[in-house]
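Each remark here refers to the structure printed beneath this line.
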Amino acid sequence: MTAFNDPIFHDEDKAREHLEAIRWPHGPNCPHCGNVDPETIAKVEGKKQSHRKGLYYCNECKGTFTVTVGTVMERSKVPLAKWVFAFHLFAASKKGMSAHQLHRMLGVTYKTAWFMAHRIREAMAEDISTSGPMGGEGKTVEADEMYHGKRETPREYARPRARKNWKPTKSGKAGGAQKRVIVGLVERGGKTRTFQVNNATKASVRDALVRNVSRDTTLYTDESRLYTETGKEYARHRTVKHSAGEYARREDDVVVHTNTIENVFSVFKRGMVGVYQHCGEAHLHRYLAEFDFRYNRRAALKVSDRERAEDAIRMASGKRLMYSQTSAAGHA
């Protein structure tokens, strides 16, 4: 039986059982009051004709709920089997799944598919405040910045520019100043975190680093002056000089390079150009979260497509995303 023939993608009851097994491995718990006592939670489906399937009643708070309450799927009229299928498609697609492709495969309207896609990205966003810092003693983190897509928020300069319409970049050529700025961090053999910043400055780069990377980490970057001072705050800071054609070198029995974070950026760019094609700046953080999620559960870490999809469903708890929060920046 192929993956797409699994009953959880076609049968509502099987899909509901699948979601309940992921969200409630030890039995249902009330999303309203947090009650987990099975003696005070009753399944009420079928007792009345008006009761929908999968309905539970909590005797503690006198509230009713289903497996979708308290998740990004709450109050959605989309069948559960289609939600499960959509989570799987997003988890299994290396470079993303466009709303147009989702709407064709699920048989829903484009508007519904677009909103489902943003809800799934919201579920994939990890809470970095609880996952701890990257790196540590004996570990290496690579850092770099990327410029992608035409910016919609005007760039703010610290000082007025002498020449009108001057657009500086790291190489001194025009172009990058009008693009969105993304700072990326990746732990070798571990996870990645990417962030959108309005301007690539020493302050914004330092903020991303000190908030996310342990100070006893070895830091690898290119020769950009953005990292010169902040690098001194870490156990060791090594650089490669891309402007001189140096992309890797052996030093003290280790290879110094930033190719890992460049690879992270490469997958992101290929997905954004080849699959999504357009992304409103207000939504960029959700696309970054989507690509981070998949990289952090990549096949090289022995994570299967099914496990990745189940993780996304598990992370959907405690999150809501209303249409008004997503519609302002256009479709992608």
Side-chain angles (χ1 to χ4, degrees), residues 94-96 126 128 131-148 169-173 176 179 181-197 200-274 288-304 308:
K94 183 176 177 64
K95 298 180 181 70
E126 301 191 50
I128 62 175
S131 56
M134 303 172 68
E137 187 176 355
K139 296 183 178 180
T140 299
V141 169
E142 299 177 21
D144 199 6
E145 71 280 359
M146 168 178 67
Y147 300 85
H148 174 76
T169 63
K170 289 191 299 183
S171 62
K173 298 178 182 179
K179 291 188 176 182
V181 185
I182 298 167
V183 175
L185 311 171
V186 63
E187 182 180 317
R188 287 193 178 176
K191 297 186 175 184
T192 187
R193 295 177 187 175
T194 51
F195 312 89
Q196 179 188 7
V197 297
T201 63
K202 292 180 181 179
S204 64
V205 169
R206 180 185 181 278
D207 183 67
L209 279 167
V210 299
R211 286 176 178 271
N212 293 278
V213 182
S214 175
R215 301 298 180 91
D216 52 357
T217 303
T218 297
L219 183 66
Y220 287 0
T221 70
D222 58 20
E223 77 276 22
S224 171
R225 288 178 291 179
L226 295 174
Y227 305 96
T228 305
E229 292 302 316
T230 304
K232 297 175 182 178
E233 301 182 39
Y234 288 85
R236 192 162 187 177
H237 179 207
R238 301 182 180 186
T239 63
V240 286
K241 196 170 184 179
H242 289 169
S243 61
E246 180 188 56
Y247 293 93
R249 72 172 185 278
R250 184 167 291 280
E251 182 180 308
D252 298 335
D253 296 326
V254 296
V255 180
V256 181
H257 65 77
T258 58
N259 295 338
T260 315
I261 188 62
E262 296 288 355
N263 175 63
V264 173
F265 288 160
S266 175
V267 174
F268 174 79
K269 285 187 175 182
R270 288 174 184 271
M272 297 305 292
V273 173
L288 291 171
E290 174 192 346
F291 281 86
D292 286 354
F293 174 88
R294 279 195 295 264
Y295 182 87
N296 294 341
R297 292 160 181 79
R298 58 196 181 276
L301 297 179
K302 310 300 181 184
V303 181
S304 68
R308 204 175 299 117

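Computed from a predicted structure; not experimentally measured. All values below were derived from every heavy atom in this structure, side-chain atoms included, with hydrogens, water molecules and symmetry-related copies excluded. Residues take their numbers from the sequence shown, with the count starting at 1.
- When atom types are taken as modelled, the side chain of Glu145 and the backbone of Ala200 share no donor-acceptor pair closer than 3.5 angstrom.
- Taking CZ from Arg206 and CG from Leu226, the interatomic distance works out to 14.0 Å, rounded to the nearest 0.5 Å.
- With contacts defined as side-chain heavy-atom distances shorter than 4.5 Å, the pair Val240/His242 qualifies.
- Sorted by first and then second residue, the pairs that involve residues 249-268 and meet ring pair (Phe, Tyr, Trp, His ring centres under 6.0 Å), not counting sequence neighbours, are His148-Phe268, Phe268-Phe291.
- The minimum heavy-atom distance between Glu223 and Ser243, with the atom names listed, is OE2-OG, 3.0 Å.
- Not counting sequence neighbours, the partners of Lys139 by the salt bridge (Lys or Arg N to Asp or Glu O under 4.0 Å) test are Glu187.
- Gly189 approaches Leu301 most closely through the heavy-atom pair O-CD2, 4.0 Å.
- Note: Leu219 CG to Leu209 CG = 6.0 Å, rounded to the nearest 0.5 Å.
- Remark: Glu229 engages Lys232 in a side-chain hydrogen bond (donor to acceptor under 3.5 Å, both in side chains) (not counting sequence neighbours).
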* To do: Using the side chain to side chain donor-acceptor pair (under 3.5 Å) rule, take Thr258 and Asp222 through it: C-alpha gap first, then chi angles, then the decisive distance, then the call.
  => CA-CA 7 Å; Thr258 58; Asp222 58 20; 6.0 Å; no

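- The shortest distance between side-chain heavy atoms of Val205 and Thr230 does not fall below 4.5 Å.
- The two residues Gly135 and Ser214 have their closest heavy-atom pair at C-CB, 4.4 Å.
- If you take NE2 on His237 and OG1 on Thr228, they are separated by 7.0 Å, rounding to the nearest 0.5 Å.
- The line from OG1 of Thr194 to CG of Asn212 is 10.5 Å long, rounded to the nearest 0.5 Å.
- A donor-acceptor contact shorter than 3.5 Å is absent between the side chain of Arg270 and the backbone of Lys95.
- When every heavy atom of Lys191 is checked against every heavy atom of Met134, the shortest pair comes out as O-CE, 3.1 Å.
- Heavy atoms only, all atoms of each residue included: Leu185 and Ala143 are closest at CD2-CB, 3.6 Å.
- With sequence neighbours left out, the salt bridge (Lys or Arg N to Asp or Glu O under 4.0 Å) criterion links Arg236 to Glu251, Asp252.
- By the salt bridge (Lys or Arg N to Asp or Glu O under 4.0 Å) test, Arg297 is found to be paired with Glu126, Asp311, residues two or more places apart in sequence or in another chain being considered.
- Summarising the geometry, atom CD belonging to Glu262 is positioned 5.0 Å from atom CG belonging to Asp144; distances are rounded to the nearest 0.5 Å.
- Once rounded to the nearest 0.5 Å, the distance linking OG of Ser204 with CD of Gln196 reads 11.5 Å.
- Listed by chain and residue number, Arg211 satisfy the salt bridge (Lys or Arg N to Asp or Glu O under 4.0 Å) test with Asp207 (two or more places apart in sequence, or in another chain).
- Listed here is the closest heavy atom pair of Ser131 and Arg193: OG-NH2, 3.1 Å.
- At least one side-chain heavy atom of Val264 sits under 4.5 Å from a side-chain heavy atom of Tyr295.
- Side-chain contact between Lys94 and Arg294 is absent, with no heavy atoms from C-beta onward closer than 4.5 Å.
- Remark: the backbone N or O of Thr192 is paired with a side-chain donor or acceptor of Asn296 at under 3.5 angstrom.
- Without hydrogens or angle criteria, Thr217 side chain to Thr140 main chain gives no donor-acceptor distance under 3.5 Å.
- Between Asp292 and Phe195, every side-chain heavy-atom pair lies at or beyond the 4.5 Å cut-off.
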